Amino acid sequence: MPRVHLAPLSSRSRRRLLLSRPLLGILSNTFSASASAPPPRALPPPLPALSPLLPPRSEEASSVAAASTAIAASFRDWFVESPVAVPAPLRALDAIYEALASDGTAALEALPLSEQLVLAVLGHCPRRLPDDDALLLLRLKFFDWSGRHPRYRHTRAVYHAVFRLLSRARRNAVVVNWLRLFSDSLSASGHPRFHDTLVVGYAVAGDPQRGLSLLGNMRFRGLDLDAVSSRILLNSLVDASLHDLADSFARNLPASPYATCIRIKSMCRRARLEDAVALLDTLPFAEASSGPAAGSVVTEFCRRGRFGEAAQIVDKFASCDVYGAWIHGLIEAGRLDTTLKFISDKKESEGYIPDGQRYDKLIYRLLRRNRLGEVYDLLVEMMEEGIAPGRSTMNAALCFFCKAGLVEVAMHLYRSRMELGINPNKDVYNNLIRALCRGGETEEACLVLEQAMEGGYFPGRQAFAMFANMLCQEGKLDKVRELLDRALKQEVWPMDSVLAKYLVALCKSGNVEEACVVPQIASSKSHVGLYRYESTYKSLIRALILIKRVDMLPRLVLEMQDMGHIPSRSLYQSVVCALCELNRYAEILELLDSQLQRTELQPRVCYNYFISGAGHAKRADMAREVYNRMEISGIEPSVESNTLLLMSYLRSRRIGDALNFFNLIRGKKRPGSKLYNVFISGLCEAQKPEQAMVFWREARDNGVIPSISCYEHLVLLLCSVRDYDSVVKVIDDFRETGRPVSAFLCNVLLLHTLMGDNLLKALLRSRDKSKPLEVNGEEIHGREAGRLLIGDLVTSFASGIRNMSDLEHLGEEMEKYFPVDSYTYNMLLRGLSMAGRMDAACNLYERMCRKGYQPNRWTFDIMVHGFCKTGDKNEAERWMDAMYRNGFYPTWYTMRLYNSASLQAHNQKIISFV
């Protein structure tokens with residue numbers, strides 16, 4: 001069998017294709033692994049010293065860009081050579097449609113109207129009209145205008161063409177109305193084949209019974225339908241499932257292959273497949289294989305899942321038409337692997353190449369399943385075989401590039417859509433918007449959305465939600481509101497989740513007034529849906545708290561519970577705290593009573609939430625009132641209740657009341673570690689070091705081991721008041737507990753080592769009274785590691801500053817025993833800076849970045865400060881530039897040093913010049 005395909009590609013296009021194939025092959029290996037992720041790239045090089053927050057430029061970036069350019073160029077050449085892309089003979093038809101769209105019919109007066117020209121205009125699809133409804137209206141406008149022209153009269157073929165257009169657009173009612181007008185305005189004598197046109201019109205409009213009635217009138221007058229009209233009426237009877245009438249009508253028709261094909265179609269519709277096969281065998285082989293008869297049987301077998309019998313028909317009547325029907329049936333059944341294998345085998349054995357429509361259908365199905373490797377192979381195969389891409393193929397290619405992560409290629413082709421003849425559909429716009437959103441290209445996505453809406457398209461729910469969510473995350477709330485307004489104008493109501501996230505974003509941005517208006521934007525139905533989300537209530541409540549409109553808070557809490565949401569502890573705490581700050585004590589107690597009547601929370605838990613909220617508002621009296629109500633109701637306060645009330649006294653700086661309450665609890669029951677932790681930490685926050693030490697000793701005497709947080713508060717307070725002897729005692733006690741040393745304790749000790757040698761002296765005095773710590777060189781774990789580094793950390797760090805030893809290596813040792821963080825590295829950098837070892841500081845900085853610790857403002861400030869002190873003006877300027885580039889600014893003291901260094905360098909230049 002000869003190869004069946006269109007003209008091959010030009011030499012220029014083939015050369016470009018061959019040039020891009022290796023690059024495409026590299027990228028296509030990853031398409032089947034991920035549907036949405038871009039091709040993987042090599043690991044980035046180590047972060048540069050001056051821009052750790054800026055992404056490094058990959059070494060393969062240029063090659064990937066070149067590959068994208070080559071791919072886009074190959075597809076561009078392919079699209080340009082398409083008959084759709086540059087229809088040179090049809091430019092005049094495009095101009096006719098442009099005149100119709102601009103109401104410039106006066107420019108059409110010079111047209112030499114004829115049946116051929118009118119049929120060409122009605123069958124033409126202009127490139128710049130994406131809306132099918134608008135295209136139909138312009139075609140009808142031209143039909144009406146040309147019919148009124150004095151030098152021209154519509155023929156039967158023109159009427160048939162219009163009827164087909166209306167039928168395909170499912171405007172059958174319009175066809176019927178036109179036929180009625182046609183009957184009233186014309187007569188049988190005034191228009192040749194008048195009745196034939198009416199019969200065909202009713203047949204196309206889906207009313208073949210009326211066509212049969214007209215046929216009866218025609219035969220009564222001695223007239224009959226021609227062969228073409230008879231076949232149209234017979235086919236219409238079959239499409240309307242009037243099979244008995246179709247059989248009766250077919251018996252009166254002369255035998256022909258066309259009538260037999262329609263009868264086979266009727267038998268397939270009635271599931272009489274054996275009769276259809278038998279009737280198919282009566283046709284000549286050429287008529288059966290090349291016509292639609294065998295294809296109809298194959299399609300029906302596939303639709304009913306009888307693929308074995310369909311395969312027999314395909315083997316028996318091997319032809320392009322039968323192969324096309326077989327491919328269509330397999331695709332519709334979802335047997336994509338079988339379809340791909342069949343195409344491959346037939347191409348290898350017979351040179352068979354499917355037409356563009358079959359390729360398009362297969363590509364779209366593969367795209368839907370994200371099988372991008374096969375899609376890529378089919379597109380390249382179409383290019384190599386010279387199959388001219390239609391608009392469906394072009395849209396499929398754009399969708400493929402978006403899903404494969406090559407959005408740059410898709411956008412390159414999309415920007416040239418007018419020149420290439422690309423007519424983007426809704427799938428293209430949705431995929432483009434989603435791909436641009438994934439890549440963070442907000443401006444490009446906005447532009448594509450604007451162009452889509454100008455063409456009458458509005459993004460689908462998924463693309464709309466992704467785009468709106470991206471805008472919310474980037475804080476572009478004005479564009480979100482504009483998008484919502486556009487949705488309202490398009491009568492496309494957005495999802496409730498989008499409104500909920502928009503409301504949350506407004507609240508986070510501080511635009512509380514606008515957030516409170518969002519529920520009013522929604523319709524009554526969407527208003528209910530908006531409150532399906534717990535985040536809506538949380539955001540509204542927190543927004544109202546910010547603007548001090550607390551009168552609505554209790555009602556919102558109750559509505560939230562009615563919708564099935566359970567308020568969290570933090571939400572209760574925020575509501576009670578806001579009411580307390582405005583002295584709405586009565587409303588707090590009313591809300592408490594209403595909550596106790598519900599079953600969502602246990603009574604004791606509910607009381608605790610309200611005590612916690614009053615404590616955060618520093619309203620100890622209100623917290624005590626709730627506590628008393630709990631006791632009056634017969635509920636014994638739990639340890640958490642006592643802890644929350646104690647915290648309320650401490651936050652309110654009512655130390656005496658806190659002490660009395662603690663003594664009251666201690667008189668009833670021996671306090672546990674939780675109560676001691678809260679009390680000692682609260683005393684530390686209240687800057688009461690003596691009392692904190694007293695209760696810490698009491699806790700230790702009672703066998704209670706405070707938490708790490710309690711030790712951290714105590715060490716921080718004692719260091720701030722320069723009581724380093726007590727710090728050493730607390731640290732010695734801490735190491736006896738066997739706990740791992742926290743990064744916070746380590747950082748506090750390093751900081752105060754930098755501030756002077758008093759901590760080191762206190763440590764040395766402590767060692768004089770006890771056995772000194774020794775290091776035997778072996779790896780130490782657990783409690784021994786704590787004993788080593790708690791004491792030796794300060795000594796090593798102080799020694800490193802004094803002796804200018806390699807402090808950067810101390811960080812490596814510390815990581816074995818401590819969970820170091822950016823603050824720890826900043827302390828080490830500060831030590832190196834004080835010692836004037838800026839080369840070592842730069843090495844430590846690079847190691848910090850390689851470890852994944854992100855430099856902050858203080859990191860850059862330390863480096864600038866150090867270079868200013870060493871007089872290295874150029875390096876200080878480079879690091880200052882890096883600081884600004886990463887969004888930070890120096891401290892006042894560092895800025896003063898920097899300005900002083902700049903002034904000195906300027907003076908030195910003047911002196912040297914003089």
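In this chain, residues are counted from 1 in sequence order. All figures in this text were calculated on a predicted structure; none of them were measured in a lab.
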Sub-4.5 Å side-chain heavy-atom contact between Ile327 and Leu362: no
Answer yes or no: is there a side-chain heavy-atom contact under 4.5 Å between Leu340 and Leu378? yes
Are the side chains of Phe75 and Met383 in contact, using a 4.5 Å heavy-atom criterion? yes
Tell me, please, which residues at least two apart from Val864 pass side-chain contact (heavy atoms from CB on, under 4.5 Å). Cys868, Trp879, Met880, Met883, Thr894, Tyr898
Does Ser570 have any side-chain contact (heavy atoms from CB on, under 4.5 Å) partners at least two apart in sequence or in another chain, and if so, which? Arg542, Ser568
Looking only at atom types and distance, does a side-chain atom of Trp78 sit under 3.5 Å from a main-chain N or O of Glu384, one as donor and one as acceptor? no
Report the residues that fulfil side chain to side chain donor-acceptor pair (under 3.5 Å) with Tyr414, sequence neighbours left out, ordered by chain and then residue number. Gln451
Under the rule for salt bridge (charged side-chain N to carboxylate O under 4.0 Å, His left out), what residues qualify as partners of Asp881, not counting sequence neighbours? Arg885
Below 4.5 Å, heavy atoms only, C-beta onward: do Ile71 and Glu408 meet side chain to side chain? no
Can you name the nearest heavy-atom pair linking Gly356 to Met382, along with the distance? CA-CE, 4.4 Å
With a 3.5 Å distance limit and no angle check, can you tell me whether Tyr364 reaches the backbone of Ser392 through a side-chain donor-acceptor pair? yes
Return the CZ to CG distance between Phe400 and Leu367, rounded to the nearest 0.5 Å. 8.0 Å
With a 4.5 Å cut-off on side-chain heavy atoms, are Leu436 and Met411 touching? yes
For the side chain of Asp861 and the backbone of Arg857, is there at least one donor-acceptor N/O pair under 3.5 Å apart? no
Please examine the side chains of Thr393 and Tyr359, heavy atoms only from C-beta on, and report whether any two atoms are closer than 4.5 Å. no
Do Cys446 and Phe467 make a side-chain contact, defined as non-hydrogen atoms from C-beta onward lying under 4.5 Å apart? yes
Does Glu450 have any salt bridge (charged side-chain N to carboxylate O under 4.0 Å, His left out) partners at least two apart in sequence or in another chain, and if so, which? Arg486
Using the side chain to side chain donor-acceptor pair (under 3.5 Å) criterion, which residues pair with Thr338? Sequence neighbours excluded. none
Polar side-chain atom of Thr339 near backbone of Arg335 as donor-acceptor pair, under 3.5 Å: yes
Sequence neighbours left out, what passes side chain to side chain donor-acceptor pair (under 3.5 Å) with Arg415? Give chain and number order. Glu444
Could you give the distance from OH (Tyr376) to CZ (Phe401), rounded to the nearest 0.5 Å? 9.5 Å
Applying side chain to side chain donor-acceptor pair (under 3.5 Å), name anything that partners Asn856, two or more places apart in sequence or on another chain. Asn826, Thr859
What residues form a salt bridge (charged side-chain N to carboxylate O under 4.0 Å, His left out) with Asp337, not counting sequence neighbours? Arg371
Distance (rounded to the nearest 0.5 Å) between Cys402 SG and Ile433 CD1: 10.0 Å
Donor-acceptor pair, Arg358 side chain versus Gly324 backbone, under 3.5 Å? yes
I'd like to know whether CD1 of Ile566 has more than 12 heavy-atom contacts from other residues, nucleotides or ligands below 6.0 angstrom. no
With sequence neighbours left out, what residues match Lys361 under salt bridge (charged side-chain N to carboxylate O under 4.0 Å, His left out)? Glu332
Is the shortest heavy-atom distance from the side chain of Leu398 to the side chain of Arg417 under 4.5 Å? no
